[in-house]
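Down below is the structure, laid out as structure tokens.
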Amino acid sequence: MIELQNVSKVYGMEEASSTVLKNINLTINKGEFVAIMGPSGSGKSTLLNILGTLDVPTSGTYTFADTSISALSKEQRSLFRRYVLGFIFQGFNLLKKTSALENVEMPLVYLGIKSKERKQRAYDALISVGLEGRTEYEPSQLSGGQQQRVAIARAMVSRPKVLIADEPTGNLDTKRSHEIMQIIKGFNAEGITVIMVTHEDEVAAYASRVIHVRDGMIEREISYAH
């Protein structure tokens with residue numbers, strides 16, 4: 001479903017340039033759960049940003065199904081993210097002074113879905129992550145684990161084909177981390193493709209394949225049978 005061919009990313013110009021990714025070749029199949037790992041500065045976050053169309057390669061091609069992502073304009077990439085991808089961030093990125101239900105509704109506003117359906121889908125999404133009793137709570141009234149559950153519900157409410165997760169358990173303790181990973185694993189079991197950056201081996205173990213990145217290159221891959 002996803003294919004990167006000879007993807008490189010260079011920041012800066014000439015002598016001040018820095019090559020962050022070097023000729024990356026990567027295929028991710030529909031329904032896979034892929035974890036990306038690597039030391040700080042390895043290029044893993046840049047790779048995730050390119051896969052999530054938040055950044056573009058300097059050279060090489062990115063193909064999603066039959067669509068050349070490399071050929072899309074900035075506006076087209078924005079629409080692609082809106083309709084195809086869901087995002088979970090380490091910092092939750094929830095709107096303050098806004099209820100969990102309203103936070104989860106936000107992607108549906110941009111999709112032009114009417115209020116009644118929006119609220120029902122947002123409510124159903126919160127139930128799916130175990131927050132049926134917290135729909136009217138604001139982020140400040142929720143624990144870190146509960147805030148991340150809201151963020152997951154927001155990512156999934158638009159029914160994306162691919163879930164992009166950037167250190168989704170980075171701000172959580174071990175117990176909450178495993179709770180969050182069980183939820184993400186559950187969505188993967190329903191056929192959602194998951195691409196996740198993590199620095200934790202225990203979290204990466206939930207994936208079916210782990211890609212290790214070092215110095216801007218794929219160093220090795222490990223596949224797990226779950």
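Predicted model, so just to flag it, every value in this text is computed and none were measured.
- In this structure, the ring of Phe80 has its center less than 6.0 angstrom from the ring center of Phe64.
- Side chain of Ser208 to main chain of Phe33: a donor-acceptor pair is present (N/O by atom type, distance under 3.5 Å, no hydrogens or angles).
- Using a distance-only test at 3.5 Å, with no hydrogens or angles considered, no donor-acceptor pair links the side chain of Thr169 to the main chain of Ser177.
- Between Lys9 and Asp55 the shortest side-chain heavy-atom distance falls below 4.5 Å.
- No cation-pi contact links Lys185 to Phe187, judged by a cut-off of 6.0 Å to the six-membered ring centre and 45° from its axis.
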Between Ile192 and Lys161, does the side-chain contact (heavy atoms from CB on, under 4.5 Å) criterion hold? Intermediate values first, please. CA-CA 6 Å; Ile192 304 294; Lys161 292 181 173 62; over 6 Å; no
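- A donor-acceptor contact under 3.5 angstrom links the side chains of Glu102 and Ser99, judged on distance only.
- With no hydrogens or angles considered, no side-chain donor-acceptor pair links Ser42 and Arg214 at under 3.5 Å.
- A cation-pi arrangement, defined by a distance under 6.0 Å to the six-membered ring centre and an angle within 45 degrees of its axis, is present between Arg134 and Tyr137.
- For the pair Leu163 and Met196, the minimum side-chain heavy-atom distance is 4.5 Å or more.
- Ile184 and Ile127 fall within a single hydrophobic cluster, where Ile, Leu, Val, Met, Phe, Trp and Tyr side chains are chained together by heavy-atom contacts under 4.5 Å.
- Side-chain N or O atoms of Thr46 include none that pairs as donor or acceptor with a backbone N or O of Lys44 at under 3.5 Å.
- Using modelled atom types and a 3.5 Å distance limit, the side chains of His199 and Glu167 yield a donor-acceptor pair.
- A chain of hydrophobic side-chain contacts below 4.5 Å, direct or via other Ile, Leu, Val, Met, Phe, Trp or Tyr residues, connects Ile88 to Leu142.
- A heavy-atom distance below 4.5 Å is not found between the side chains of Thr27 and Ile2.
- Under the 3.5 Å distance criterion, the side-chain polar atoms of Asn29 are left unmatched by any main-chain donor or acceptor of Glu32.
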Verdict with supporting geometry, Arg81 and Thr53, side-chain hydrogen bond (donor to acceptor under 3.5 Å, both in side chains): CA-CA 7 Å; Arg81 287 193 296 275; Thr53 73; 3.2 Å; yes
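- For the residue pair Gln5 and Asn25, no side-chain donor N or O sits within less than 3.5 Å of a side-chain acceptor on the partner.
- Between Thr67 and Thr63 there is no side-chain heavy-atom pair separated by less than 4.5 Å.
- For the pair Glu105 and Arg121, the minimum side-chain heavy-atom distance is 4.5 Å or more.
- No donor-acceptor pair under 3.5 Å is formed between the side chain of Arg118 and the backbone N or O of Val109.
- Environment of OH in Tyr11: crowded, with over 12 heavy atoms of neighbouring residues, nucleotides or ligands closer than 6.0 Å.
- With hydrogens and angles ignored, the 3.5 Å screen pairs no side-chain donor or acceptor of Glu138 with any backbone N or O of Ala100.
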Stepwise salt bridge (Lys or Arg N to Asp or Glu O under 4.0 Å) test for Glu179 and Arg176: CA-CA 5 Å; Glu179 288 174 358; Arg176 300 291 179 266; 3.7 Å; yes
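- Each of Leu21, Val20, Ile69, Val56 was evaluated against Ile50; a single residue qualifies, Leu21, per the side-chain contact (heavy atoms from CB on, under 4.5 Å) test.
- In terms of hydrophobic clustering, with Ile, Leu, Val, Met, Phe, Trp and Tyr side chains grouped at heavy-atom distances under 4.5 Å, Ile113 and Met156 are assigned to a common cluster.
- Of the options Gln147, Lys96, Lys97, Gln146, a side-chain contact (heavy atoms from CB on, under 4.5 Å) to Pro139 is made by Gln147 and by none of the others.
- Remark: Tyr123 OH is loosely packed, at most 12 non-hydrogen atoms of other residues, nucleotides or ligands lying under 6.0 Å away.
- The backbone N or O of Glu200 lies less than 3.5 Å from a partner atom in the side chain of Thr198, making a donor-acceptor pair.
- Both Leu111 and Leu101 belong to a single network of hydrophobic side chains, linked directly or stepwise wherever heavy atoms of I, L, V, M, F, W or Y lie under 4.5 Å apart.
- Using a distance-only test at 3.5 Å, with no hydrogens or angles considered, a donor-acceptor pair links the side chain of Asn171 to the main chain of Gln90.
- Crowding of Gln141 atom CD: a count of heavy atoms from other residues, nucleotides or ligands under 6.0 Å exceeding 12.
- Leu26 and Met1 fall within a single hydrophobic cluster, where Ile, Leu, Val, Met, Phe, Trp and Tyr are joined by side-chain heavy atoms under 4.5 Å apart, directly or via other members.
- The closest donor-acceptor contact from the side chain of Ser17 to the backbone of Gly12 lies at 3.5 Å or more, if one exists at all.
- Side-chain contact check for Arg77 versus Lys74: some heavy-atom pair is nearer than 4.5 Å.
- Judged by distance alone, with hydrogens and angles left aside, the side-chain atoms of Ser70 form a donor-acceptor pair with the main-chain N or O of Tyr62 at under 3.5 Å.
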Quick one, Thr61 with Leu4, criterion side-chain contact (heavy atoms from CB on, under 4.5 Å). Give me CA distance, side-chain angles, the key distance, then yes/no. CA-CA 6 Å; Thr61 60; Leu4 301 183; over 6 Å; no
